[in-house]
A.B. asks: 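One structure, pasted below without further comment.
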Amino acid sequence: QVQLVESGGGLVQPGGSLRLSCAASGFSVDPSTIGWFRQAPGKEREGVSCISVSDGNTFYEDSVKGRFTISRDSAKNTVYLQMDSLRPEDTGVYYCAADSLRITTVHAMCVLSSSLYQYLSWGQGTQVTVSS
């Protein structure tokens, strides 16, 4: 059974840092891409950062470039999102997603239409709140 388990969310002040983890298990074939998405209150879910499982290529949404870093530890089947210089607008539920059908690229997964989210595997999400 495919499982993606997120952890590391919490409450942090503006300018602070958090590191999210996504532990993947149960895949019969390695997913091609794993990504982090977030959903702010009252807004649609959006791609934040994605990484290729095979070669480590990355993609970042414009608002997080230079502040967030995505990485992977293949030995632990875990993907991380290091979030620095956090802003109130980074607040939301952060979800980990994996392309086990291997139909997307790093860029394509992060800008995927929400109508295609059903083809990804999802974690349960972790809350990130940036507030003073």
A.B. asks: Measuring from atom OG1 of Thr91 to atom CG of Leu86, what distance do you get when rounded to the nearest 0.5 angstrom?
C.D. replies: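 Here the rounded value is 8.5 Å.
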A.B. asks: Check for me, please, whether Ile34 and Val2 land in the same ILVMFWY cluster - side-chain distances under 4.5 Å, paths through other members count.
C.D. replies: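 No, Ile34 and Val2 fall in different hydrophobic clusters.
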A.B. asks: Does a donor on one side chain sit under 3.5 Å from an acceptor on the other, for Thr129 and Ser131?
C.D. replies: no
A.B. asks: Would you check if the side chain of Asp99 reaches a backbone N or O of Thr104 as a donor-acceptor pair within less than 3.5 Å?
C.D. replies: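 It does hold such a pair.
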A.B. asks: Strictly below 4.0 Å, N to O, side chains only: are Arg87 and Asp90 in salt-bridge contact?
C.D. replies: no
A.B. asks: Determine whether Val64 and Arg38 make a side-chain contact, defined as any pair of heavy atoms from C-beta on separated by less than 4.5 Å.
C.D. replies: yes
A.B. asks: Using a 3.5 Å distance criterion without hydrogens, assess whether the side chain of Gln39 forms a donor-acceptor pair with backbone atoms of Lys43.
C.D. replies: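 Yes, the answer is positive, given that a donor and an acceptor are paired below the 3.5 Å cut-off.
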A.B. asks: Treat each ILVMFWY residue as a node, draw an edge where side-chain heavy atoms are under 4.5 Å apart, and state whether Leu120 and Leu101 are in one component.
C.D. replies: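 Leu120 and Leu101: one cluster.
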A.B. asks: Do other residues, nucleotides or ligands put more than 12 heavy atoms under 6.0 Å from the CD atom of Gln118?
C.D. replies: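 Yes, because the 6.0 Å sphere around CD of Gln118 holds more than 12 heavy atoms from other groups.
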A.B. asks: Donor-acceptor check, side chain of Thr78 to backbone of Lys76, threshold 3.5 angstrom: yes or no?
C.D. replies: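 Checked: pair present.
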A.B. asks: Going hydrophobic residue to hydrophobic residue with side-chain gaps under 4.5 angstrom, can you get from Met109 over to Tyr95?
C.D. replies: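 Linked within one cluster.
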A.B. asks: Quick check: do Phe68 and Ser49 have side-chain heavy atoms less than 4.5 Å from each other?
C.D. replies: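 No, too far: nothing below the 4.5 Å cut-off.
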A.B. asks: Report yes or no: does Ser100 contribute a side-chain atom to a donor-acceptor pair with the main-chain N or O of Pro31 at less than 3.5 Å?
C.D. replies: no
A.B. asks: Would you say Val29 and Arg102 make side-chain contact, with heavy atoms under 4.5 Å?
C.D. replies: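 They are in contact (side-chain heavy atoms under 4.5 Å apart), so the answer is yes.
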A.B. asks: Side-chain contact, heavy-atom cut-off 4.5 Å: Trp36 with Glu6?
C.D. replies: yes
A.B. asks: Would you say Leu20 and Thr126 make side-chain contact, with heavy atoms under 4.5 Å?
C.D. replies: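 Heavy-atom side-chain distance check passes, below 4.5 Å.
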A.B. asks: Are Tyr60 and Thr69 close enough that some pair of their side-chain heavy atoms sits under 4.5 Å apart?
C.D. replies: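 They are in contact (side-chain heavy atoms under 4.5 Å apart), so the answer is yes.
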A.B. asks: Please answer: with hydrophobic residues joined when any side-chain heavy atoms are less than 4.5 Å apart, are Phe59 and Ile51 in the same cluster?
C.D. replies: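 Unlinked, Phe59 and Ile51 end up in two clusters.
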A.B. asks: Please answer whether the main-chain N or O of Val53 pairs with a side-chain N or O of Arg72 as donor and acceptor at a distance below 3.5 Å.
C.D. replies: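 Present.
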A.B. asks: Report yes if some heavy atom in the side chain of Phe37 is under 4.5 Å from a heavy atom in the side chain of Val48; otherwise report no.
C.D. replies: no
A.B. asks: A side-chain contact here means heavy atoms from C-beta on lying under 4.5 Å apart; do Asn77 and Ser25 qualify?
C.D. replies: no
A.B. asks: Which pair of heavy atoms, one from Ser121 and one from Leu4, lies closest together, and at what distance?
C.D. replies: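 Reported closest heavy-atom pair: O-CD1, 3.2 Å.
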A.B. asks: Do Trp122 and Val106 belong to the same hydrophobic cluster, where Ile, Leu, Val, Met, Phe, Trp and Tyr are linked whenever their side-chain heavy atoms lie under 4.5 Å apart, directly or via other members?
C.D. replies: no
A.B. asks: In terms of heavy-atom contacts, does OH of Tyr119 have more than 12 from other residues, nucleotides or ligands at under 6.0 Å?
C.D. replies: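 Result for OH/Tyr119: open.
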A.B. asks: Let me confirm one number: the CZ-OG distance from Arg45 to Ser114, rounded to the nearest 0.5 Å.
C.D. replies: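 If I round to the nearest 0.5 Å, the distance is 10.0 Å.
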A.B. asks: Return the OG to CD distance between Ser17 and Gln82, rounded to the nearest 0.5 Å.
C.D. replies: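 Answer rounded to 0.5 Å: 5.5 Å.
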